[in-house]
> 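My questions will all concern the structure given below.
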Amino acid sequence: MPPTTPSAVEEAAFMTDILNNLDDSFWNAVPTPDPSPQKPIPNRNLTPRRQAGKAAAPSPSKVFSAGDVDMAALLEGAEDWDWDDTTSEFLTPKKSPLKKKFGIPSPPSYVPETCTRCVVQCISSEHAQKNLTVKVEASGERRRVILRDDWMATDVRIGDIINVLGTFDLATTSSSSIIRSITITAKSNLLILHPDLLLTATALSNAPQCRRKPLLSNLVRSTSDTTPALVWGNMLHEVMQSCLSENRWETSWVDDKIEQVILKGLNELIKIDVTIEQAKREVTTRAKGLLAFSEKYISEFPKVSLP
């Protein structure tokens, strides 16, 4: 339904009804003042602008002329001047010294601890320490290693190989054969017993429950996971590692290394039921590519790759 437009009579009646409800207070009300009246602007004495085209006259005290300088007094005694004595410092104005730039200091370079490989020859214990008399493998020199704190519980025996991480100092007590010693405590220096025996983190985590468990787990393994391909790959990997470390790739030298690796892995051959001769034949066949590999990739200088 469309909206209806009111007539003029209806609009007049509507306005009359609205105005009848207003009393005299609406018409006599005082207007509300402005909440933020504008503050009067103070009368400031502004500097008058200079007229364009007129330059300011210079101060008389700053105007000089050539006639005001007494040249005779200025050049008096010039014939006695030493013109060779005019150094660069006299002619050139001094420059202010350069400010030092403080950059971020570079971190100190890492210096590894000295590692000394020794053989234990004698062991003696005292009240608060254990004394080891060792022989350095490289020089044959006899030295003393003192174990304190928790290091006293180390199961060291005569004939064991140890690595000592730290610096040996001159011995405090006089001795005819031992002139250097080192003290290993909970705060300084380290000792590695049987450094040639590598243990995994899993084996170490099982040691607190049973000290024999890592050894038994290493000796008694499941034979179901051992395959001939795995055994040949491990042996060939060890042979190639020896070739890379010694940088020798002759056939006779590789054959000797193959024989050593096979004799060291007899327990793996028993698991796969293979004889020594069969193992030599298998590893030798797979090692034929070592010489070609060295000729192509191993060199003291880069080689040009020919298409």
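Each residue takes its place number in the sequence, starting with 1.
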> Is it the case that one hydrophobic cluster holds both L132 and I179, taking links as side-chain heavy atoms less than 4.5 Å apart, direct or via other members?
no
> Locate the shortest heavy-atom distance separating T167 from N189; write the atom from each residue and the value.
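Looks like N-OD1, 4.4 Å.
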> How far does CG of N131 sit from CZ of R144, to the nearest 0.5 angstrom?
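Result: 6.5 Å between the selected atoms.
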> Any chain of hydrophobic side-chain contacts (each under 4.5 Å) joining L147 to I192?
yes
> Would you check if the side chain of E10 reaches a backbone N or O of S7 as a donor-acceptor pair within less than 3.5 Å?
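Flag set: sc E10 to bb S7 pair under 3.5 Å.
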> Considering only heavy atoms from C-beta outward, does the side chain of V283 approach that of V261 to under 4.5 Å?
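Result no, sub-4.5 Å side-chain heavy-atom pair not found.
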> What closest approach, in Å, do V274 and A279 show between heavy atoms, and which atom pair accounts for it?
CG1-N, 3.9 Å
> Does the pair L266 and I276 meet the rule for a side chain to side chain contact (heavy atoms under 4.5 Å, CB included), with working shown?
CA-CA 8 Å; L266 291 178; I276 296 178; 3.8 Å; yes
> Testing the basics here: between I258 and A287, what is the closest heavy-atom pair and its distance to 0.1 Å?
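That closest heavy-atom pairing would be CD1-CB, 4.0 Å.
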> With the side chain counted from C-beta on, respond yes when W232 and I272 share a heavy-atom pair under 4.5 Å apart, and no when they do not.
yes
> Hey, is K264 close enough to E238 for a salt bridge, meaning N to O under 4.0 Å?
yes
> Show, in sequence, the C-alpha distance, side-chain angles and deciding distance for V119 and I161, and conclude whether the side chain to side chain contact (heavy atoms under 4.5 Å, CB included) test is met.
CA-CA 5 Å; V119 181; I161 302 294; 3.5 Å; yes
> Check step by step if side chain to side chain contact (heavy atoms under 4.5 Å, CB included) holds for I298 and L244.
CA-CA 9 Å; I298 306 300; L244 288 171; 4.1 Å; yes
> Evaluate the side-chain hydrogen bond (donor to acceptor under 3.5 Å, both in side chains) criterion for residues S245 and S242: first the C-alpha distance (whole Å), next the side-chain angles of each, then the deciding distance (0.1 Å), finally the verdict.
CA-CA 5 Å; S245 60; S242 301; 5.2 Å; no
> Heavy atoms, side chains only, cut-off 4.5 Å: are M235 and V231 in contact?
yes
> What distance separates R143 CZ from T133 OG1, expressed to the nearest 0.5 Å?
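Answer rounded to 0.5 Å: 13.0 Å.
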> Yes or no on side chain to side chain contact (heavy atoms under 4.5 Å, CB included) for T116 and V134, after CA distance, side-chain angles and deciding distance?
CA-CA 11 Å; T116 307; V134 299; over 6 Å; no
> Calculate, to the nearest 0.5 Å, the distance between atoms CE and CZ belonging to M240 and F293 respectively.
3.5 Å
> Going by heavy atoms in the side chains, are L290 and V239 under 4.5 Å from each other?
yes
> Indicate if V164 and I158 have the same hydrophobic cluster label, given that clusters are the connected sets of ILVMFWY residues with side-chain heavy-atom separations under 4.5 angstrom.
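Result: yes, single cluster for both.
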> Closer than 3.5 angstrom, by distance alone: can the side chain of K130 be matched with the main-chain N or O of T154 as a donor-acceptor pair?
yes
> Give a yes or no on whether L165 and I182 share a hydrophobic cluster (residues Ile, Leu, Val, Met, Phe, Trp, Tyr; joining criterion: side-chain heavy atoms under 4.5 Å apart).
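Looking at the clustering, I182 is in the same group as L165.
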> Output the distance between atom CZ (R157) and atom CD1 (I123), rounded to the nearest 0.5 Å.
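So the CZ of R157 and the CD1 of I123 are separated by 9.0 Å.
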> Could you state whether I146 and V120 fall into the same hydrophobic cluster, counting links through intermediate Ile, Leu, Val, Met, Phe, Trp or Tyr residues with side-chain heavy atoms under 4.5 angstrom apart?
no
> Specify the closest pair of heavy atoms between R148 and A128, including all atoms of both residues, with the distance to one decimal.
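What the structure gives for the nearest pair is CG-O, 3.8 Å.
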> Using a 6.0 Å cut-off, check whether atom CG of D273 has over 12 heavy atoms from anything other than its own residue.
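At most 12 heavy atoms, drawn from other residues, nucleotides or ligands, come within 6.0 Å of this atom.
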> For C243 and W249, which heavy atoms make the closest approach, and how far apart are they?
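Reported closest heavy-atom pair: CB-CZ3, 3.6 Å.
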> Please enumerate all residues that pass salt bridge (charged side-chain N to carboxylate O under 4.0 Å, His left out) together with R117, with sequence neighbours excluded.
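Result, salt bridge (charged side-chain N to carboxylate O under 4.0 Å, His left out) vs R117: E137, D196.
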> Under 4.0 Å between a side-chain nitrogen and a carboxylate oxygen: does that hold for R281 and E277?
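No, R281 and E277 are not salt-bridged.
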> For D255 and T284, work out which heavy atoms get closest and say how close.
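Closest approach of D255 to T284: OD1-CG2, 4.3 Å.
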> State the CD-SG distance between E141 and C118, to the nearest 0.5 angstrom.
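Atom-to-atom, E141:CD and C118:SG are 9.5 Å apart.
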> Within this structure, what is the CG-CG distance for the pair L269 and L263, rounded to the nearest 0.5 Å?
9.0 Å
> With R180 as the cation and F168 as the aromatic partner, state whether NZ or CZ is under 6.0 Å from the six-membered ring centre and within 45° of the axis.
no
